[in-house]
Amino acid sequence: MILVTGATGNIGSALLRELHGCGAGPLRGSTRDAAQAAFPEGVEAVECDFAEPESLKPALDGVRSLFLVSRLGSDADILEAARLAGVEHVVLVSSITVQTHPHLGPAGENLVVERLLQDSGMAWTILRPTQFASNALMWAASIRDRETVRAPYADTGLPTIHPADIASVARVALTEPGHRGQTYALTGPEPVTARQQVEAISAALGRDVPFMEISRQEARAQMAAAFGDEAADAVLDVTGGDVNDELLVVRDTVSRVTGSPARPFQQWAAENADIFR
């Protein structure tokens, strides 16, 4: 039995489709509302609240492999529940910032989770993706309302990754030998700036999407109101303000592990154009 957490999210939903498509299984996906879960036929939907460790027991019953997105709840409690349930292998989604900014808030939290998993006694595979292509969804409301997209560091390009590529690597790690004890840094096929992302969305929509670069101070004020000062500074640092050279490196990990090239941002934009209409 493979349990996919975050099964309705960008990575988890793609992973369930891939696992189902390759005949892996039996499969189980966690959700807060099983009645609303649109999983592939034959995938068991199980309700659980990761903030309540007791609710994990039925979800983990019979599970031997676990796909875990960190910070769904107390990672220490989730990993301990998995260990007690007899889970043998955990594939963890962490962040590439662990190796570039290990002292930043979110990166530091991910590093703690990685170490908890490595010390758990269970086999592990750690995925460290860079910036997600789906982060562009934060502009969706502005684009739908035909407003100007406003972003800092307009011409700093990070090798943004399609969430489906993270899912593809996870599928291989869960179903094929040779990936236990491995840590994989994952990126897209090329750097793409915020300006280029908006241009790709514009092309997918077939209409102009206006874009304006704003200062860090303006961006910080907006982000701090939503996420707090520490999180705002951390995100701004790793997306342009204090970019470690390692964050700019394009890696071939996706193609090496899966045998298929990493998907470009333009593909993600085309696949998700309707969200911006």
Side-chain angles (χ1 to χ4, degrees), residues 6 8-18 21-22 69 93 95-97 100 127-172 184-214 219 223 235-236 238-241 243-277:
T8 59
N10 291 318
I11 307 171
S13 58
L15 176 57
L16 274 182
R17 289 193 297 270
E18 288 212 17
C22 74
V69 179
V93 177
S95 170
I96 206 167
T97 54
T100 56
L127 311 184
R128 290 178 173 175
T130 186
Q131 177 176 268
F132 291 10
S134 53
N135 288 359
L137 292 173
M138 65 183 171
W139 301 324
S142 295
I143 293 173
R144 286 195 300 266
D145 293 340
R146 296 180 178 261
E147 298 174 350
T148 298
V149 173
R150 299 158 58 86
Y153 308 120
D155 298 305
T156 298
L158 299 178
T160 300
I161 189 167
H162 194 308
D165 281 330
I166 306 170
S168 293
V169 174
R171 184 257 307 162
V172 173
Y184 293 128
L186 307 177
T187 75
E190 60 187 357
V192 56
T193 68
R195 193 187 307 276
Q196 290 169 331
Q197 289 181 46
V198 173
E199 289 172 353
I201 295 168
S202 175
L205 294 174
R207 66 173 174 85
D208 181 59
V209 176
F211 177 85
M212 176 185 294
E213 182 173 17
I214 60 175
M223 296 175 67
V235 171
L236 287 166
V238 300
T239 55
V243 179
N244 187 294
D245 287 345
E246 284 293 305
L247 281 176
L248 303 176
V249 174
V250 174
R251 304 169 192 272
D252 66 352
T253 317
V254 170
S255 60
R256 283 193 295 105
V257 173
T258 69
S260 298
R263 300 163 173 92
F265 182 85
Q266 291 87 342
Q267 180 174 340
W268 180 89
E271 292 169 352
N272 293 275
D274 285 347
I275 300 174
F276 297 93
R277 296 192 193 284

Exercise. Starting from the C-alpha separation in whole Å, work towards a yes-or-no answer on side-chain contact (heavy atoms from CB on, under 4.5 Å) for Leu248 and Leu158.
Key: CA-CA 5 Å; Leu248 303 176; Leu158 299 178; 3.5 Å; yes

Quiz item: Step by step, would you call Phe276 with Leu137 a side-chain contact (heavy atoms from CB on, under 4.5 Å)?
Solution: CA-CA 8 Å; Phe276 297 93; Leu137 292 173; 4.0 Å; yes

Practice problem: Show the numbers, then the answer: is there a side-chain contact (heavy atoms from CB on, under 4.5 Å) between Val254 and Tyr184? | Solution: CA-CA 9 Å; Val254 170; Tyr184 293 128; over 6 Å; no

Quiz item: Between Ile201 and Ile143, does a side-chain contact (heavy atoms from CB on, under 4.5 Å) hold up when you go through it step by step?
Solution: CA-CA 9 Å; Ile201 295 168; Ile143 293 173; 4.0 Å; yes

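Minimum interatomic distance between Tyr153 and Glu213 (heavy atoms only, all atoms of both residues): N-OE2, 3.6 Å. Scanning both residues, Phe211 and Ala154, for their nearest heavy atoms gives CE2-CB, 3.5 Å. Considering all non-hydrogen atoms of both residues, Ser255 and Pro261 come closest at CB-CA, 4.1 Å. Contact detail for Val250 and Pro159: the closest heavy-atom pair is CG2-CB, 4.0 Å. The nearest pair of heavy atoms linking Pro189 to Ala262 is CG-O, 3.7 Å. A pairwise comparison of heavy atoms in Thr130 and Leu247 identifies OG1-O, 4.4 Å as the closest pair.
Checking side-chain atoms of Arg263 against main-chain N and O of Gly188 turns up no donor-acceptor pair under 3.5 Å. Using modelled atom types, no side-chain atom of Ser202 and backbone atom of Val198 make a donor-acceptor pair closer than 3.5 Å. With Thr148 contributing its side chain and Pro210 its backbone, the two residues share no donor-acceptor pair below 3.5 Å. Checking side-chain atoms of Glu18 against main-chain N and O of Arg171 turns up no donor-acceptor pair under 3.5 Å. At least one donor-acceptor pair closer than 3.5 Å links the side chain of Thr253 to the backbone N or O of Ala185.
Under the 4.5 Å side-chain criterion, counting only non-hydrogen atoms from C-beta, Val209 is in contact with Val149. Using a 4.5 Å cut-off on side-chain heavy atoms (C-beta onward), Ser13 and Thr8 make no contact.
Residue-environment remark: CZ (Arg146) stays at or below the threshold of 12 foreign heavy atoms within 6.0 Å.
We find the CH2-CG distance between Trp268 and Asn135 to be 8.5 Å, quoted to the nearest 0.5 Å. Between the OG1 atom of Thr160 and the CZ atom of Phe132 there is a distance of 11.0 Å, given to the nearest 0.5 Å. With rounding to the nearest 0.5 angstrom, the CD1 atom of Ile166 is 8.0 Å from the CG atom of Leu127. To the nearest 0.5 Å, the span separating CZ on Arg251 from CZ on Arg128 amounts to 9.5 Å. The distance from atom CG of Leu15 to atom CG of Asn10, rounded to the nearest 0.5 Å, is 12.5 Å. Distance check: Gln266 CD to Gln196 CD gives 8.0 Å after rounding to the nearest 0.5 Å.
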